[in-house]
Amino acid sequence: LCLCGNFNMTNIDEVFSFLTAQGQSPRIYGDSYITLELMGHRLDREVERLYEEAKRKGMEGLDITRYIDENVEMANVLKTTMEHYDGGYVMCGLTGSGEMFSVRDPWGIRPAFYYRDDEIVALASERPVLQTTFDLSAEDICELKPGEALIVRKNGESCLEQIMPAKKLSACSFERIYFSRGSDRDIYQERKRLGEQLTPAILKAIDGDVENTVFSYIPNTAEVAYYGMTDGFRQEGYNVRTEKVVWKDIKMRTFIADNSERNDLAAHVYDISYGSLQPHVDNLVIIDDSIVRGTTLRESIFKILDRLHPKKIVMVSSSPQIRYPDYYGIDMARLEEFCAFRATMALIEERGMWQLINDTYLACKREPNSENHVRALYAPFTVEEINRKIVEMLRPKDMQAPIELVFQSIEGLHKACPNHPGDWYFTGHYPTPGGTRLVNQAFINYIDKTYTLKEKDGLLLTNCKL
């Protein structure tokens, strides 16, 4: 059995316990290996079923072997394997007898598209890959539905099987904003709408002074949202000035870099177009697809943009504030990585709201599975208050130009990406119990690491910050 895929499981502890209770002994504690062990175990059970069936039919020797090879039901294997999992996944596999399969999680968190005809069956996480490879139109390609499997038998026949009942659709919206190819027909239009919808907020940030404002973007994934943003102004009757203000070394990717290397990469990956705006006269509106950690802004972007001496920098994010970790495949697992979370905690401390920290911490400990208790931390503050604190924290020392942040609204996100309602990064509404449990544990881990705690009468005394 071979496995590959796009997946991250949130309940690997439970699956490990189930496996060991079946007499299995996984040697590596990780999603891929434990999934291989579990599916291999269920494949063994399917082989045993067919062996007994062949024996009852009076078969012997190699006839039994051939019978098993020709009658393996991968749907049975997948149903008895995937019922144990909580998480986002598109899992692909191949057995020694020649059976191939792909299965998608029942929430539809991770994307999957396929094409099949008389000669080929192909599956990928992005539709444009299939279109370009096989010279197809978007209509030729189908989306694998939540909980569904595409199975290819050893004789070349293919079929679709519902492995798990489909649950509330939670297709990942951040995948559309950042990770997916912008060349997809629908994603291209969605990213344009994300930029276009920000027009009123940007207009307010520049006090309506479009004439003395230059519009640009952070390369490269924000380019489509930038087109939408400038289209939005033109639709309102404005003649906007556009420039390529920032350049990026495409060989470097700061988002996926190791934490220990990210700061150094961020300082060297960008450069600017000198003379692209009038010093001390022009505002600069510059859009990015998202603001996650803020490392790139602090270590590079703000510093180099200030060299142009803009009257004001309006930093725009085509996505809402990213406030919560992802546990379904994207490497953002710790709360303290997010500048929005760090800013919120700074506001809580400044205002002496220790009781809120106490109550949230204790709720996470007492009821980790009931709801996302971390959401309570953001409730007392407006987006604008958190924005101002983010600017204060990310603003480089000695920077001259004032900065204002403009984020996409949750309502704007849903309007732009109506078929991808998975918004847990922004709202904290995790689609699975495992996601909720892990975000509560992340807050416990953060508090335990950051504060000296003493428990008394059910309250945590947090005035002893390290």
**Asked** Between the main-chain N or O of V245 and the side-chain N or O of S216, is there a donor-acceptor pair closer than 3.5 Å?
**Response** yes
**Asked** Which atom pair, heavy atoms only, marks the closest approach of L308 to Y274?
**Response** CD2-CA, 4.0 Å
**Prompt:** Out of curiosity, L305 CG to I286 CD1, how far, rounded to the nearest 0.5 Å?
**Reply:** 5.0 Å
**Proximity of Y361 and Y451 rings by center, below 6.0 Å** = no
**Message:** Going by ring-ring contact (aromatic ring centres under 6.0 Å, His included), name the pairs with one or both residues in residues 282-313, residues two or more places apart or in two chains.
**Reply:** H280-H309
**Message:** Between E148 (side chain only) and D105 (backbone N and O only), is there a donor and an acceptor less than 3.5 Å apart?
**Reply:** no
**Item:** Under the salt bridge (Lys or Arg N to Asp or Glu O under 4.0 Å) test, residues paired with E211 that sit two or more places apart
**Value:** none
**Request:** Run through I287, V314, V316, V285 and flag the one making a side-chain contact (heavy atoms from CB on, under 4.5 Å) with F215.
**Result:** V285
For residues 202-209, dump all side-chain donor-acceptor pairs below 3.5 Å to protein atoms at least two apart in sequence or in another chain.
residue, atom, partner, partner atom, Å
D209, OD1, N212, N, 3.3
D209, OD1, N212, ND2, 3.3
D209, OD2, N212, ND2, 3.3
D209, OD2, K311, NZ, 3.4

**Minimum heavy-atom distance between W424 and H429, given as atom pair plus value** = CB-O, 3.4 Å
**Request:** Go through the steps for D186 and R127 under the test side chain to side chain contact (heavy atoms under 4.5 Å, CB included), then give the verdict.
**Result:** CA-CA 10 Å; D186 296 337; R127 184 167 56 183; 3.0 Å; yes
**Asked** Heavy atoms, side chains only, cut-off 4.5 Å: are L277 and P310 in contact?
**Response** yes
**Message:** Strictly distance-based, threshold 3.5 Å: is any side-chain N or O of R342 a donor or acceptor partner for the main-chain N or O of E337?
**Reply:** yes
**Request:** Evaluate the side chain to side chain contact (heavy atoms under 4.5 Å, CB included) criterion for residues L3 and F101: first the C-alpha distance (whole Å), next the side-chain angles of each, then the deciding distance (0.1 Å), finally the verdict.
**Result:** CA-CA 10 Å; L3 285 180; F101 63 88; 3.8 Å; yes
**Message:** Name the residue from D288, D289, V292 that meets the side-chain contact (heavy atoms from CB on, under 4.5 Å) definition with Y178.
**Reply:** D289
**Request:** Supply the atom-to-atom distance R193 CZ to S318 OG, rounded to the nearest 0.5 angstrom.
**Result:** 13.0 Å
**Complete:** Closest non-hydrogen atoms of N8 and D31, given as atom of the first, atom of the second and distance, are OD1-OD2, 3.1 Å
**Request:** Drop me the distance from F426's CZ to I177's CD1, to the nearest 0.5 angstrom.
**Result:** 4.0 Å
**Message:** Could you report the tightest heavy-atom contact between A171 and N419, atom names first, then the distance?
**Reply:** CB-O, 4.0 Å
**Request:** For Y115, enumerate each residue passing the side-chain hydrogen bond (donor to acceptor under 3.5 Å, both in side chains) test, keeping only those at least two apart in sequence or located in another chain.
**Result:** D117
**Prompt:** For I304, what residues pass the side chain to side chain contact (heavy atoms under 4.5 Å, CB included) criterion, not counting sequence neighbours?
**Reply:** Y270, I272, S300, R307
**Request:** Indicate whether the side chain of Q441 and that of N445 have a donor and an acceptor atom separated by less than 3.5 Å.
**Result:** yes
**Message:** For the backbone of G434 and the side chain of D86, can you confirm whether one donor and one acceptor N or O come within less than 3.5 Å of each other?
**Reply:** yes
**Item:** Test salt bridge (Lys or Arg N to Asp or Glu O under 4.0 Å) applied to E143 - qualifying residues, sequence neighbours left out
**Value:** R104
**Item:** Heavy-atom closest contact (H373 atom, N440 atom, distance)
**Value:** N-OD1, 3.1 Å
**Request:** Could you walk me through whether Q355 and N358 pass side chain to side chain contact (heavy atoms under 4.5 Å, CB included), step by step?
**Result:** CA-CA 5 Å; Q355 189 68 45; N358 289 333; 4.3 Å; yes
**Request:** Return the orientation label for the Y430 and Y327 ring planes: parallel under 30°, perpendicular over 60°, tilted otherwise.
**Result:** tilted
**Message:** Test your reading of the model: is there a side-chain donor-acceptor pair from H414 to the backbone of D423, 3.5 Å cut-off?
**Reply:** no
**side chain to side chain contact (heavy atoms under 4.5 Å, CB included) partners of K244, counting only residues at least two apart** = Y217, P219, W247
**Those residues that, when tested against N372, pass side-chain hydrogen bond (donor to acceptor under 3.5 Å, both in side chains) (two or more places apart)** = none
**Asked** Counting distance only, does the side-chain N/O of R437 pair as donor-acceptor with the main-chain N or O of T10 below 3.5 Å?
**Response** yes
**Message:** Are P433 and N369 packed together at the side-chain level, in the sense that at least one heavy-atom pair is separated by less than 4.5 angstrom?
**Reply:** no
**Asked** Roughly how far, to the nearest 0.5 Å, is CG of L194 from CG of L413?
**Response** 6.5 Å
**Request:** State which residue, out of F338, Y378, Y425, fulfils the ring-ring contact (aromatic ring centres under 6.0 Å, His included) condition with Y324.
**Result:** Y378
**Complete:** Interatomic distance, CZ@R298 vs OG1@T295, rounded to 0.5 Å, equals 5.0 Å
**Backbone of I141 reached by a side-chain donor or acceptor of E139 within 3.5 Å** = no
**Request:** Ignoring hydrogens and angles, tell me if any N or O in the side chain of E299 forms a donor-acceptor pair with the backbone of L297 under 3.5 Å.
**Result:** no
**Item:** With S319 via side-chain hydrogen bond (donor to acceptor under 3.5 Å, both in side chains) - residues at least two apart
**Value:** S317
**Request:** For the residue pair Y328 and T432, confirm or rule out a side-chain donor-acceptor distance under 3.5 Å.
**Result:** yes
**Request:** Would you check, one step at a time, whether the test side chain to side chain contact (heavy atoms under 4.5 Å, CB included) holds for D184 with E190?
**Result:** CA-CA 10 Å; D184 182 272; E190 289 168 9; over 6 Å; no
**Contacts of E350 that satisfy side chain to side chain contact (heavy atoms under 4.5 Å, CB included) - sequence neighbours left out** = L347, K389, E392
**Request:** Just jot down the side chain to side chain contact (heavy atoms under 4.5 Å, CB included) partners of S409, sequence neighbours excluded, or say none.
**Result:** E411
**Request:** Spell out, as yes or no, whether a donor-acceptor pair under 3.5 Å connects the side chain of T242 to the backbone of V240.
**Result:** no
**Prompt:** Can you name the residues that form a side-chain hydrogen bond (donor to acceptor under 3.5 Å, both in side chains) with R323, not counting sequence neighbours?
**Reply:** Q321
**Request:** Using a strict cut-off of less than 4.0 Å between a Lys/Arg side-chain nitrogen and an Asp/Glu carboxylate oxygen, indicate whether K415 and E196 qualify as a salt bridge.
**Result:** no
**Item:** Separation of C339 SG from I386 CD1 (nearest 0.5 Å)
**Value:** 10.5 Å
**Prompt:** What do you reckon, are the aromatic ring centroids of F341 and Y446 less than 6.0 Å apart?
**Reply:** yes
**Complete:** Nearest heavy-atom contact between L144 and A149 is CD1-C, 4.1 Å
**Prompt:** Does any N or O in the side chain of R116 come within less than 3.5 Å of the main-chain N or O of A122, such that one atom is a donor and the other an acceptor?
**Reply:** no
